[in-house]
Amino acid sequence: KRLILVGPPGSGKGTQSPIIKDEYCLCHLATGDMLRAAVAAKTPLGVKAKEAMEKGELVSDDLVVGIIDEAIEKPSCQKGFILDGFPRTVVQAQKLDEMLERRGTKIDKVLNFDIDDAILEERITGRWIHPSSGRTYHTKFAPPKAPGVDDVTGEPLIQRKDDTAEVLKSRLVAFHRQTEPVVNYYAQKSVVTNIHAAKPPKEVSEAVQKALAS
Ligand code: AP5
Ligand code: ZN
């Protein structure tokens, strides 16, 4: 399967992806995670992406299209993949279509994580992550076994630099202006399923399973 998860910041894309990944043996390609790793490693890509990310704006289409073009070549992605946070503009969606056409494949399904903006601030400001694995926690909704440390490795958890109420506002503006049109783009191809993303994680997972089974 070749899947796209689209939804605003904090809608649960990163929480649901590992569950889908394990169930269907797909690779999980999250442009946000890849960019954060590049910023941390101070690679040329990271240097170019840092400022936009900290302001809650989108990184240029060329940069992210390049990352995905390279990533979907990996042997582990040949059976299928989950795109989390990509495409985020109609230009990115068009480029992705071209990329897949060249390889004789296409997107099977787009899961649209539908949720009201009002509940996203609490999700974003309470999030803690384990950077090397991408595991995500929440102080109220998904607390780690011991405060501030990863359940599996015992390593410290961190908060993302863009996870403030202030930066969230810009991220939401970018989402509504630039990413919502992507949903319409795929709706015209009849591959979109809406997921009620405001429900508890387990119920969201069940809705995702149902959408993927059909
Ligand atoms: P990115 O990393 O993609 O961030 P985002 O889209 O803003 O999404 P988030 O990761 O914040 O949310 P999520 O849906 O994964 O939520 P999660 O599951 O963690 O992008 C970051 C930046 O990189 C962008 O701003 C941009 O600058 C750049 N970028 C990335 N891709 C790009 C692209 N294609 N083009 C251009 N620029 C790009 O959940 C959030 C919290 O809620 C967690 O604490 C979780 O535990 C909790 N939670 C999850 N589900 C539930 C639930 N059902 N109930 C209660 N709590 C829940
Ligand atoms: Zn995420």
Side-chain angles (χ1 to χ4, degrees), residues 4-20 28-40 45-46 48-69 71 82-93 95-96 111-117 119-131 133-144 151 157-165 167-180 182 195-208:
I4 292 173
L5 306 192
V6 58
S11 57
K13 306 179 294 294
T15 300
Q16 298 298 329
S17 289
I19 304 170
I20 308 172
H28 173 211
L29 301 175
T31 39
D33 293 348
M34 296 179 202
L35 290 168
R36 275 185 291 281
V39 170
L45 169 70
K48 286 186 199 137
K50 187 169 189 270
E51 198 184 324
M53 293 179 78
E54 285 178 0
K55 284 198 280 193
E57 292 169 3
L58 294 187
V59 171
S60 80
D61 289 335
D62 285 346
L63 286 184
V64 287
V65 166
I67 308 183
I68 291 294
D69 203 5
I82 307 160
L83 297 176
D84 161 2
F86 180 94
R88 253 189 165 80
T89 64
V90 171
V91 171
Q92 291 178 19
K95 292 268 162 77
L96 174 65
L111 303 180
N112 178 32
F113 281 53
D114 193 11
I115 188 165
D116 206 85
D117 283 4
I119 67 168
L120 298 174
E121 184 179 319
E122 188 180 22
R123 286 210 189 168
I124 287 292
T125 53
R127 169 166 57 189
W128 287 82
I129 59 170
H130 178 243
S133 69
R135 269 185 291 278
T136 299
Y137 301 87
H138 191 283
T139 43
K140 185 164 154 194
F141 305 125
D151 288 353
L157 302 177
I158 61 153
Q159 284 197 291
R160 271 168 54 176
K161 229 175 164 175
D162 61 345
D163 275 353
T164 62
V167 180
L168 174 63
K169 285 189 194 130
S170 311
R171 291 160 64 193
L172 284 172
V173 168
F175 175 76
H176 292 300
R177 270 198 206 140
Q178 294 169 277
T179 307
E180 262 175 356
V182 171
I195 302 291
H196 290 297
K199 298 201 171 141
K202 231 180 131 242
E203 287 179 41
V204 176
S205 288
E206 283 161 11
V208 167

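We count ligands from 1, going down the list as the structure has it; atoms in each ligand are counted the same way. Given the structure is predicted, the values throughout are model-derived calculations rather than measurements.
Taking only non-hydrogen atoms, the option from Arg160, Arg171, His196 nearest to atom 21 (C) of ligand 1 is Arg160. Taking only non-hydrogen atoms, the option from Val65, Val59, Ile129 nearest to atom 37 (N) of ligand 1 is Val59. The closest non-hydrogen atom to atom 28 (C) of ligand 1, taken over Leu83, Leu35, Thr136, comes from Leu35.
The protein non-hydrogen atom at the shortest distance from atom 46 (O) of ligand 1 is His138 CB, 3.5 Å. Nearest protein neighbour of atom 12 (O) of ligand 1, counting heavy atoms only, is Gly10 N, 2.8 Å. Protein heavy atom in closest approach to atom 41 (C) of ligand 1: Arg123 O, 3.5 Å. Protein heavy atom at the shortest distance from atom 27 (O) of ligand 1 is Glu57 O, 2.6 Å. Closest protein heavy atom to atom 31 (N) of ligand 1: Thr31 OG1, 2.8 Å. Nearest protein neighbour of atom 23 (O) of ligand 1, counting heavy atoms only, is Met53 CE, 3.4 Å. When only non-hydrogen protein atoms are considered, atom 49 (C) of ligand 1 lies nearest to Thr15 OG1, 3.2 Å. Looking from atom 1 (P) of ligand 1 to the surrounding protein, the closest heavy atom is Arg88 NH2, 3.6 Å.
Minimum heavy-atom separation, Gly14 to Asp84: CA-OD2, 3.6 Å. Closest of all the heavy-atom pairs between Arg171 and Arg127 is NH2-NH2, 3.7 Å. The shortest heavy-atom contact between Tyr137 and Asp151 is OH-N, 2.9 Å. Smallest separation of non-hydrogen atoms from His28 and Asp33: CE1-OD2, 4.3 Å. Shortest non-hydrogen contact noted between Leu172 and Pro8 is CD2-CB, 4.1 Å. Of all heavy-atom pairs between Gly10 and Arg123, the closest is O-NH1, 2.9 Å.
When only interatomic distances are considered, the shortest N/O to N/O separation between Arg127 and ligand 1 falls below 3.5 Å. The distance criterion of under 3.5 Å between nitrogen or oxygen atoms is not met by Asp84 with respect to ligand 1. By the 3.5 Å distance cut-off applied to N or O atoms, Val204 is not counted among the residues near ligand 1. Below 3.5 Å of separation, one finds no N or O of Asp162 facing any N or O of ligand 1. At least one N or O atom of Gly14, backbone or side chain, sits closer than 3.5 Å to an N or O atom of ligand 1. For Tyr137, a nitrogen or oxygen atom sits less than 3.5 Å from a nitrogen or oxygen atom of ligand 1, counting backbone and side chain alike. In terms of N/O distances under 3.5 Å, ligand 1 is not approached by Asp163. Geometrically, ligand 1 and Pro87 share no nitrogen or oxygen pair separated by less than 3.5 Å. Taking only nitrogen or oxygen atoms, main chain and side chain alike, Phe141 does not reach within less than 3.5 Å of ligand 1.
Rounding to the nearest 0.5 angstrom, the gap separating the CG atom in Leu58 from the OG1 atom in Thr179 is 5.5 Å. To the nearest 0.5 Å, the span separating CD1 on Ile4 from NZ on Lys13 amounts to 13.0 Å. For the atom pair CE of Met53 and CZ of Arg160, the computed distance is 7.0 Å after rounding to the nearest 0.5 Å. Between Lys140 atom NZ and Glu122 atom CD the span is 3.5 Å, to the nearest 0.5 Å.
Near Gln92, meaning under 4.0 Å from any of its heavy atoms, are these atoms of ligand 1: 33 (C), 34 (N), 35 (N), 36 (C).
A donor-acceptor contact shorter than 3.5 Å links the side chain of Gln16 to the backbone of Pro201. Side-chain N or O atoms of Thr31 include none that pairs as donor or acceptor with a backbone N or O of Leu29 at under 3.5 Å. The main-chain N or O of Arg88 is found under 3.5 Å from a side-chain atom of Gln92 such that the two form a donor-acceptor pair.
Proximity of Gly7 to ligand 1 is not established, as no heavy-atom distance is less than 4.0 Å. Ligand 1 lies out of reach of Gly126, whose nearest heavy atom is not under 4.0 Å from it. No heavy atom of Glu203 sits closer than 4.0 Å to any atom of ligand 1. Residue contacts with ligand 1 include Arg36, since one or more of its heavy atoms lies under 4.0 Å from the ligand.
The proximity of Pro200 to ligand 1, defined as any non-hydrogen pair under 4.0 Å, is limited to the backbone. By the criterion of a heavy-atom distance under 4.0 Å, the side chain of Ile124, and not its backbone, is placed next to ligand 1. In Lys199, the part holding a heavy atom less than 4.0 Å from any atom of ligand 1 is the backbone.
The environment of Lys95 atom NZ is sparse: at most 12 non-hydrogen atoms of other residues, nucleotides or ligands sit within 6.0 angstrom.
The side-chain contact (heavy atoms from CB on, under 4.5 Å) test with Ile124 is passed by exactly one of Val167, Asp163, Thr164: Asp163.
Between Lys161 and Val39 the shortest side-chain heavy-atom distance does not fall below 4.5 Å.
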